[in-house]
Amino acid sequence: GAVVSQHPSWVICKSGTSVKIECRSLDFQATTMFWYRQFPKQSLMLMATSNEGSKATYEQGVEKDKFLINHASLTLSTLTVTSAHPEDSSFYICSAGPGASNQPQHFGDGTRLSIL
Amino acid sequence: DQQVKQNSPSLSVQEGRISILNCDYTNSMFDYFLWYKKYPAEGPTFLISISSIKDKNEDGRFTVFLNKSAKHLSLHIVPSQPGDSAVYFCAARGNQFYFGTGTSLTVIP
């Protein structure tokens, strides 16, 4: 069964809307979760590392004011795409792992975001 | 800059035969490698992994081989089954996880 739950799976909304995506670890506590973005026919690109109880770490080129990350508990991280525009349309996916060395990351099912 | 590369976007194999998926990486400091399987509209599912201190790891029909000198990783599936048809991603861990672009495997019944 799924160990990481991501919701919603698909969002269609108007330009200017803010969209919140949730990522939950179901079977373990995750002090760190990761948010990725995937463009068609490209690999997963890390956007940011979500740290429980502290600020997220953003990758170069990712606007932190655009993509707000909150990791308020050991099992939940949220990504909010603020004032979304058509160019933000993409597939967003989170991952989390138990944290021990040589343990894999487990992924949510992703969120397809379409901005009209 | 793509640090993990899967040069074959697709692969077709007859049922029962061996599927070999390849992955190359550039950073010799990567210490942990993984393969994920992804069905449409689902997130990647962890399949098998290997530490850089090993050169082979086997789990049922799936075997991962690591050639550190060549910076090459491969996944062998034998025998291949139609249910194995999916996109396979390799990943490597450095200061973060780096992913390949995926290889779409089709197993023909």
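Each chain gets a letter, A, B and so on, in the order its sequence line appears, and its residues count up from 1.
- Closest heavy-atom contact between A:Q105 and B:L34: N-CD2, 4.4 Å.
- Identified by a heavy-atom distance below 4.5 Å to chain B, the contributing residues of residues 66-93 of chain A are A:F91, A:I93, in residue-number order.
- For B:Q96, the part lying near chain A is the side chain, with the backbone staying farther off; criterion is any non-hydrogen pair under 4.5 Å.
- Residue A:Q6: no heavy atom, backbone or side chain, is found under 4.5 Å from chain B.
- Applying the salt bridge (charged side-chain N to carboxylate O under 4.0 Å, His left out) test to every pair with at least one member in residues 13-25 of chain A, sequence neighbours left out, gives these pairs: A:E22-A:R24.
- Hydrophobic clustering, with ILVMFWY side chains joined whenever heavy atoms are under 4.5 angstrom apart, groups B:Y88 together with B:L66.
- The minimum heavy-atom distance between A:S43 and B:G100, with the atom names listed, is CB-O, 3.0 Å.
- Pairs passing the disulfide bond (SG atoms under 2.5 Å apart) check and including a residue from residues 72-109 of chain B, sequence neighbours excluded, read B:C23-B:C90.
- Considering only residues two or more places apart in sequence or on other chains, A:F107 meets the ring-ring contact (aromatic ring centres under 6.0 Å, His included) condition with A:Y36, B:Y36, B:F99.
- Linking ILVMFWY residues whenever their side-chain heavy atoms come closer than 4.5 Å, directly or via other members, places A:L116 and A:W10 in the same cluster.
- Heavy atoms from other residues, nucleotides or ligands lying under 6.0 Å from CZ of B:R61 number more than 12.
- A:I21 and A:V3 are members of different hydrophobic clusters when ILVMFWY side chains are connected at heavy-atom separations under 4.5 Å.
- By the criterion of side-chain heavy atoms lying less than 4.5 angstrom apart, applied directly or through intervening Ile, Leu, Val, Met, Phe, Trp or Tyr residues, A:W35 is not grouped with B:F97; the two fall into different hydrophobic clusters.
- The two residues B:F46 and A:P104 make their nearest non-hydrogen contact at CD1-CB, 3.4 Å.
- B:Y39 OH to A:D109 CG: the interatomic distance, rounded to the nearest 0.5 Å, is 13.0 Å.
- The CE atom of A:M45 sits 7.0 Å away from the CD atom of B:Q2 when rounded to the nearest 0.5 Å.
- Cluster membership check: B:L11 shares its hydrophobic cluster with B:L73, using side-chain heavy-atom separations under 4.5 Å among Ile, Leu, Val, Met, Phe, Trp and Tyr.
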